[in-house]
Number of protein chains: 2
Amino acid sequence: MNIPCNSCQARKSPLCSVFTDLEIEDLFQLAHIRRIKTGAYLLHEEDPVRQVYNVSSGALALERLASNGAKQIMAFCYAGDFIGIASGPSYSVSARALKPLTACQWQEADLQSLYKKHPKLETRVHDITSRVVEAIMDQLFVLGRKKATEKIAWFLLFIETRQANARGYTSAHKSRSFKMPMTRVDIADYLGLTVETVSRAFSQLNSKGMIEITDKWTITIKDRAALTALGDYTSPVPGRKG
Amino acid sequence: MNIPCNSCQARKSPLCSVFTDLEIEDLFQLAHIRRIKTGAYLLHEEDPVRQVYNVSSGALALERLASNGAKQIMAFCYAGDFIGIASGPSYSVSARALKPLTACQWQEADLQSLYKKHPKLETRVHDITSRVVEAIMDQLFVLGRKKATEKIAWFLLFIETRQANARGYTSAHKSRSFKMPMTRVDIADYLGLTVETVSRAFSQLNSKGMIEITDKWTITIKDRAALTALGDYTSPVPGRKG
DNA sequence: CGCCTACTTGAGTCGAGTCAAGAACCGTGG
DNA sequence: CCACGGTTCTTGACTCGACTCAAGTAGGCG
């Protein structure tokens, strides 16, 4: 049978990569492909948990809104990221598309039977959850203990490797400059800052020669050592627990 | 057989409560009881993941240290909390005892065979991980988007319900005043503030009549409505996903 | 009783937020 | 092709909240 999985950007993602071409047909049979345009929401925080998703292409922001209107972005998601697992009755975050998005959608109810048939799926889903914990803890540290420019330095290195990985699922291409899908406001809402502060920090890193801003979405890291020192960034260990 | 589980504070915790008295013997057979005194570490962030723990009594802070000496506390743990699951080769947080601690320790290697024998254990462990994600997201929101006094107001309500739950595993006793195990420094390191700011916020809430500080560990909530409004605190939904 | 640590309070500084204006960019339509 | 309006980004001036530094108080324990 001919399924689009093998040309999918997420085929080598943590979720799909554990399955053979034959096995993944099982998953694909139950999946529905969702397409969302920029700015639209894939899901809302107060929605009951009925579907789960694996991003095929595009980018998302997982965010939460306060009653006073303040927004906090919890994560940025790329191709290969798995979304929708929650511990309560509702997703506790909303997922907003930063670029036109494609995602595989499964009914949460189907997940249980898929777990039965493919036990490694369950293991993998939970492994992904553990990784989420690590990632959010990193972010927690950054929000609580870093200054504005340090946050931005950390963020740039973080996003760069993050996107390199997402792209790496298909082809490992190495370049010093990269394009971000999120606006300055998004970055501010992710790091607990204001737009103005984010903008100033970008300008500062730019004038100090650590980065170069080609257009506002495209950043080149000129002095990685300095940026790493400033952001105290340690790239994630690829190792898995034994 | 006579095992201490039935008099354990964690017997009704998310982990242990799913097992019958008979089943829990299986778990207890493989467990080793660890005792740690105040200020000592149960585990260090750079340690390889070989053991997992379920807290029986006492309290812990899960913390991470930066190279510059800054500390960020990721969570406070009480009786019934499960610790030690990681996605990488090392725990990425250290666990420091805030009070004399007792915990059940299992070898990580034994966990897999226990999962085999008791599938609901695995489900429950992963359910716990999902809850951790929710909890840290709440904290992220607070760190990123609240002011000092709002953080403290939120923290007090949070810790109060948190401890009421932990106590509730044994006996549901309802009181307006509660005793915290952590110092002002710990609170500061949890909320991304300094000790002085924490202290000032306590004084301010005290003088405004929202709380009463009996001794520095014992807090009484005098005006719950005002405190809730200030901290924008919404108590967690007990509901579970279907 | 005295020491040590934890906490509180005050004074001054500085970083990030706020408010406001202007520049760059984007899509749309003439 | 350019004019236009809206949005996003940048920059400046000012304010204020939280940090820093410093002193002093309160408990806990030998």
Side-chain angles (χ1 to χ4, degrees), chain A residues 37-39 61 66 68-73 96 98-100 142-156 179-208 211-219 230, chain B residues 37-39 61 66 68-73 96 98-100 142-156 179-208 211-219 230:
Chain A
K37 58 187 172 198
T38 304
N68 63 14
K71 181 188 285 185
Q72 177 64 48
I73 293 180
R96 175 171 52 91
L98 300 174
K99 315 175 66 174
V142 172
L143 287 215
R145 290 299 174 206
K146 284 192 200 299
K147 303 190 185 307
T149 45
E150 297 169 347
K151 285 181 179 179
I152 298 294
W154 179 88
F155 175 78
L156 290 171
K179 216 162 142 48
M180 308 180 298
M182 68 289 286
T183 67
R184 300 285 191 266
V185 178
D186 291 331
I187 298 173
D189 287 339
Y190 181 75
L191 295 172
L193 298 170
T194 58
V195 211
E196 295 93 329
T197 305
V198 171
S199 185
R200 275 185 249 273
F202 268 93
S203 304
Q204 201 180 319
L205 295 178
N206 186 47
S207 67
K208 281 188 181 169
I211 62 170
E212 190 181 301
I213 307 169
T214 308
D215 67 69
K216 55 189 172 192
W217 313 102
T218 312
I219 306 290
L230 182 59
Chain B
K37 56 187 173 199
T38 303
N68 63 15
K71 180 188 283 184
Q72 177 66 48
I73 291 180
R96 173 172 51 91
L98 300 172
K99 315 174 65 174
V142 172
L143 286 214
R145 290 299 174 207
K146 284 191 200 299
K147 302 191 185 307
T149 46
E150 295 169 350
K151 286 181 179 179
I152 297 293
W154 178 88
F155 175 77
L156 289 171
K179 215 162 142 49
M180 308 181 298
M182 67 289 283
T183 67
R184 301 285 190 267
V185 178
D186 291 332
I187 298 173
D189 287 339
Y190 181 75
L191 295 172
L193 299 170
T194 57
V195 210
E196 294 93 327
T197 305
V198 171
S199 185
R200 276 185 248 272
F202 268 92
S203 305
Q204 201 180 320
L205 295 178
N206 186 47
S207 67
K208 280 186 179 169
I211 62 169
E212 190 182 300
I213 308 170
T214 309
D215 67 71
K216 54 190 168 191
W217 313 102
T218 312
I219 306 290
L230 181 59

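Hydrogens, waters and symmetry mates are skipped; everything else that's a heavy atom, side chains included, is used. What you see is a predicted model, and the numbers here were worked out from it, not measured in a lab.
- Nucleotide D:dT7 holds its P atom 14 Å from the CH2 atom of A:W217, rounded to whole Å.
- Using a 4.0 Å heavy-atom distance criterion, B:V185 is classed as a sugar-phosphate-only contact.
- For the pair A:D189 CG and D:dC9 P, the computed distance is 12 Å after rounding to whole Å.
- Residue B:R145 contributes atom CZ, which lies 14 Å from atom C1' of C:dT18 at whole-angstrom precision.
- For B:E196 against C:dC7, a side-chain-to-base donor-acceptor contact under 3.5 Å is absent.
- For the pair B:E212 (side chain) and B:I219 (backbone), a donor-acceptor distance under 3.5 Å is absent.
- Remark: A:T197 is in phosphate contact with C:dG17, judged by side-chain N or O atoms under 4.0 Å from OP1 or OP2.
- Atom CD1 in A:I152 sits about 10 Å away from atom P in D:dT10, given to the nearest Å.
- Following rounding to the nearest Å, B:K151 (NZ) and D:dG17 (C1') show an atom-to-atom distance of 11 Å.
- Taking atom CE of residue B:M182 and atom P of nucleotide C:dC7, one finds them 11 Å apart after rounding to whole Å.
- Spacing between atom CZ of A:F202 and atom C1' of D:dC9 amounts to 11 Å, rounded to whole angstrom units.
- Of the possible donor and acceptor atoms, one in the side chain of A:K151 sits under 3.5 Å from a partner among the backbone N and O of A:L191.
- B:E150 has its CD atom 15 Å from the C1' atom of D:dC16, to the nearest Å.
- On a pure distance criterion of 3.5 Å, a polar donor-acceptor pair joins the side chain of B:R200 and the base of D:dT20.
- B:S203 comes within contact range of the sugar-phosphate backbone alone, with a heavy-atom separation under 4.0 Å but no base atom that close.
- Between A:R145 and B:D189 there is a salt bridge, with a side-chain nitrogen of the basic residue lying less than 4.0 Å from a carboxylate oxygen of the acidic one.
- A donor and an acceptor atom, one from each side chain of B:N206 and B:S203, are nowhere located under 3.5 Å apart.
- Taking the side chain as every heavy atom from C-beta outward, A:K179 and A:T214 never approach each other to under 4.5 Å.
- With DNA chain D read from its 5' end, the first of the two nearest nucleotides for A:V198 and A:K147 is the one closest to A:V198.
- Put simply, B:T194 has a side-chain N or O that comes within less than 4.0 Å of OP1 or OP2 on D:dC19.
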